[in-house]
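Reviewing the structure listed below.
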Amino acid sequence: MPRQLGDLEDAVMTRVWQWNRPVTVREVLEDLQRERSIAYTTVMTVMDNLHQKGWVRREVEGRAYRYTAVSTRAAYAAALMNEAWSKSDNPAAALVAFFGMMSAEQRQSLEGAVRLVHADSPEGDHKEDERPEGDRPEGGRPEDNRPPDNRAEEPAEGDGGREEAGR
């Protein structure tokens with residue numbers, strides 16, 4: 001289960017998720033610098049750490065890497081909620097308390113999500129994993145939208161954890 005992102009990791013991932021395209025350290029740096037004073041090497045280290053933790057994949061383009069999110073922000077949020085809920089000694093009470101904290105707009109979103117889940121399954125209680133592959137959203141596997149499990153990826157030969165390609 002993923003651990004919660006740190007503040008700077010979250011700021012970087014927010015941009016990667018919002019832009020929804022391959023991004024460079026320089027692009028993220030320039031956007032972050034609108035809010036705070038931060039060094040290129042700091043952003044480079046954070047993005048390399050996110051890569052090592054499995055949150056982003058990267059590909060060499062020229063002398064730099066371009067980073068792409070492995071999962072969605074929604075999948076990350078869902079995993080955090082599921083982890084917190086699963087740790088409760090009384091899951092039903094935890095859900096009641098959680099629903100009580102929701103705004104009217106949040107409750108409407110939840111009701112819409114529940115309707116989607118029920119509409120997606122004739123009995124309303126099928127788990128996504130049990131459906132035939134062609135019946136899954138976008139024909140994908142359920143694990144495609146799960147956040148990474150934070151296991152470090154083995155660096156490719158010659159990668160050595162470098163941020164800039166070709167240095």
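In this chain, residues are counted from 1 in sequence order.
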Are F98 and W85 close enough that their ring centers fall under 6.0 Å?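 F98 vs W85: aromatic centres not under 6.0 Å.
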Can a donor-acceptor pair be found, under 3.5 Å and without considering hydrogens, that links the side chain of [X] to the backbone of [Y]?
X    : Y    : result
E111 : Q108 : no
S37  : Q33  : no
E9   : G6   : yes
Y65  : D48  : no

Following the transitive rule for hydrophobic clusters with a side-chain heavy-atom cut-off under 4.5 Å over Ile, Leu, Val, Met, Phe, Trp and Tyr, establish whether [X] and [Y] coincide in one cluster.
X    : Y    : value
L8   : W19  : yes
Y40  : L32  : yes
V28  : V60  : yes
L110 : V117 : no

Do K87 and E83 meet the salt-bridge criterion of a basic N to acidic O distance under 4.0 Å?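 Judged by the 4.0 Å cut-off on N to carboxylate O distance, E83 and K87 do form a salt bridge.
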Got Q4 and Y76 here, is their nearest side-chain heavy-atom distance under 4.5 Å?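 Sidechains of Y76 and Q4: in contact.
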Below 4.5 Å, heavy atoms only, C-beta onward: do V16 and T68 meet side chain to side chain?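 The answer is no; the side chains never approach within 4.5 Å.
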Does CD in E105 sit with more than 12 non-hydrogen atoms of other residues, nucleotides or ligands closer than 6.0 Å?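 Open: at most 12 neighbouring heavy atoms sit under 6.0 Å from CD of E105.
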Would you say CG of N90 has more than 12 non-hydrogen atoms from neighbouring residues, nucleotides or ligands within 6.0 angstrom?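 Atom CG in N90 is packed in, count exceeds 12.
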Could you go through R66 and E59, starting from their C-alpha distance and side-chain angles, then the distance that decides it, and tell me whether this counts as salt bridge (Lys or Arg N to Asp or Glu O under 4.0 Å)? CA-CA 5 Å; R66 285 212 172 261; E59 293 186 21; over 6 Å; no
Linking Ile, Leu, Val, Met, Phe, Trp and Tyr by side-chain heavy atoms under 4.5 Å, what else ends up with L116?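 Its cluster mates, by chain and number: none.
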Qualifying residue for side-chain contact (heavy atoms from CB on, under 4.5 Å) with M47, from V25, T24, V56, L29: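 Of the listed options, the one satisfying the test is V25.
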Just one of N49, L5, V70 clears the side-chain contact (heavy atoms from CB on, under 4.5 Å) bar with W55, so which one?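 That would be L5.
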Derivation of the salt bridge (Lys or Arg N to Asp or Glu O under 4.0 Å) call for R15 and E35: CA-CA 13 Å; R15 284 150 179 86; E35 300 170 0; 2.8 Å; yes
Would you tell me whether T14 and R73 have side-chain atoms, one donor and one acceptor, within less than 3.5 Å of each other?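 Yes, a side-chain donor-acceptor pair sits under 3.5 Å.
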Gap between atom CD of E30 and atom CD1 of I38 - 0.5 Å precision: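 Atom-to-atom, I38:CD1 and E30:CD are 13.0 Å apart.
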Rounded to the nearest 0.5 Å, what separation is found between the NE2 atom of H51 and the CZ atom of R58?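 If we round to the nearest 0.5 Å, H51:NE2 and R58:CZ are 4.5 Å apart.
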Identify the two heavy atoms, one from A69 and one from M13, that lie closest to each other, and give their separation to 0.1 Å.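 Shortest heavy-atom contact: CB-CE, 4.2 Å.
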